[in-house]
Amino acid sequence: MTKPAERSAARLAAVQALYQMDVSGKTVLDALAEFEAFWIGREVEGIEFQPSDNVFFRDILSGVVKNQREIDVKIDNALASDWPLKRIEAVLRAILRAGGYELMFRKDVPARVVITEYVDVTHGFYGEDEPGLVNAVLDKVARDVRPGELEKKAAGQGKR
């Protein structure tokens, strides 16, 4: 697999692990151990889980847990005031937290890549309005924590 494909798989695995932690109360160490031992790169019940960049997976998962309060504040600020993060369904919450972590703490990953990747993850779980919600929220977070980055690329797109 290519490095981008392994990173995409790591993002999906991180979202799944965050969801599992949220609904089951597992610790980050339990989730890391379980996903690396039994899910990533294996076939489970007829579903093939792609090999992933395990270092990146660990970074996202532990980074979200370590910085969750700060991430949640940014996401809450990007959501409608009458719809706080705690009201968002658990899978969406995991997607937004993982994307928020990358935007806030992984400046080595371009904001457009982060947003596109998590919108793609969202399409894997939902088919209605949720991908648009993830796009809008992560775009707003990106504009807050990385001022000017999204505009720079858009302004130069017409030039070669």
Side-chain angles (χ1 to χ4, degrees), residues 1-76 78-79 85-86 88-127 130-146 149-150 153:
M1 284 182 77
T2 65
K3 185 152 177 100
E6 288 181 352
R7 282 203 159 188
S8 294
R11 288 179 176 102
L12 176 59
V15 165
Q16 292 170 317
L18 288 165
Y19 166 79
Q20 193 173 77
M21 289 169 60
D22 195 15
V23 298
S24 73
K26 287 185 181 201
T27 68
V28 69
L29 293 176
D30 290 338
L32 284 169
E34 180 179 331
F35 270 76
E36 289 180 353
F38 301 111
W39 295 87
I40 295 172
R42 297 192 172 50
E43 186 175 323
V44 180
E45 298 175 10
I47 299 169
E48 190 170 330
F49 293 84
Q50 297 299 315
S52 79
D53 179 337
N54 285 348
V55 172
F56 194 61
F57 164 72
R58 284 185 214 115
D59 180 67
I60 295 169
L61 196 58
S62 59
V64 168
V65 171
K66 179 182 174 189
N67 300 289
Q68 187 171 322
R69 283 192 180 108
E70 190 177 348
I71 294 165
D72 285 0
V73 168
K74 289 289 183 197
I75 294 169
D76 261 335
L79 289 165
L85 184 60
K86 66 183 175 193
I88 299 289
E89 190 271 329
V91 173
L92 270 178
R93 204 167 39 241
I95 292 167
L96 292 171
R97 283 176 172 154
Y101 167 74
E102 279 197 63
L103 289 169
M104 294 169 69
F105 298 99
R106 292 298 307 247
K107 306 288 183 170
D108 59 311
V109 182
R112 288 184 189 285
V113 170
V114 173
I115 294 167
T116 299
E117 286 284 320
Y118 285 102
V119 168
D120 287 348
V121 167
T122 308
H123 278 291
F125 293 99
Y126 303 98
E130 291 85 353
L133 170 74
V134 168
N135 185 63
V137 170
L138 293 181
D139 182 88
K140 199 168 183 180
V141 170
R143 290 176 193 281
D144 181 37
V145 300
R146 298 187 187 189
E149 183 178 334
L150 294 176
K153 192 78 168 183

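Worth saying up front: this structure is predicted, and the values here are computed from it rather than measured.
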What are the two closest non-hydrogen atoms of Ala14 and Ile60, and how far apart are they? CB-CG2, 3.6 Å

Hey, what do you get for NZ (Lys26) to CD (Gln20), rounding to the nearest 0.5 Å? 4.0 Å

Apply the test side-chain contact (heavy atoms from CB on, under 4.5 Å) to residues Leu79 and Leu133: give CA-CA distance (whole Å), side-chain angles for both, the deciding distance (0.1 Å), then the verdict. CA-CA 9 Å; Leu79 289 165; Leu133 170 74; 4.2 Å; yes

Taking all heavy atoms of Gly99 and all of Leu138, pick out the closest pair and write down the distance. C-CD2, 3.8 Å

Pairwise distance CD1(Ile95) to CD(Gln16) - rounded to 0.5 angstrom: 10.0 Å

Does the side chain of Asn135 come under 3.5 Å of the side chain of Tyr118 through a donor N or O and an acceptor N or O? no

If the threshold is 4.0 Å, N to carboxylate O, is there a salt bridge linking Asp144 and Lys140? no

Go through the steps to decide whether Arg11 and Phe56 satisfy the test side-chain contact (heavy atoms from CB on, under 4.5 Å), and finish with yes or no. CA-CA 8 Å; Arg11 288 179 176 102; Phe56 194 61; 3.6 Å; yes

Check step by step if side-chain contact (heavy atoms from CB on, under 4.5 Å) holds for Arg93 and Glu89. CA-CA 6 Å; Arg93 204 167 39 241; Glu89 190 271 329; over 6 Å; no

Tell me whether Lys86 is salt-bridged to Asp72, with the criterion being a basic N under 4.0 Å from an acidic carboxylate O. no

Under 3.5 Å donor-acceptor, Asp76 side chain and Leu85 backbone: yes

Decide, yes or no, whether a salt bridge links Glu149 with Arg143 under the criterion of side-chain N to carboxylate O below 4.0 Å. no

So CD1 of Ile75 and CD of Glu70: to nearest 0.5 Å the spacing works out to 11.0 Å

Please name the pair of heavy atoms, one in Ala111 and one in Leu150, separated by the smallest distance, quoted to 0.1 Å. CB-CD2, 3.9 Å

Minimal non-hydrogen separation, Arg146 against Leu103, with atom names: NE-O, 3.0 Å

Can you tell me how far apart CG (Leu61) and NZ (Lys66) are? Round to the nearest 0.5 Å. 13.5 Å

Passing candidate, side-chain contact (heavy atoms from CB on, under 4.5 Å) with Glu117, options Val113, Val114, Val119: Val113

Nearest 0.5 Å, what's the OH-CG distance between Tyr101 and Asn67? 6.5 Å

For Leu92, the option from Phe125, Tyr19, Tyr126 that meets side-chain contact (heavy atoms from CB on, under 4.5 Å): Tyr126

Tell me whether the count of non-hydrogen atoms from other residues, nucleotides or ligands lying under 6.0 Å of NZ in Lys107 goes above 12. yes

Exam field: side chain Asp22 to backbone Leu18, donor-acceptor pair closer than 3.5 Å: no

Please test Met21 against Thr27 for side-chain contact (heavy atoms from CB on, under 4.5 Å), starting from the C-alpha separation and ending with a verdict. CA-CA 6 Å; Met21 289 169 60; Thr27 68; over 6 Å; no

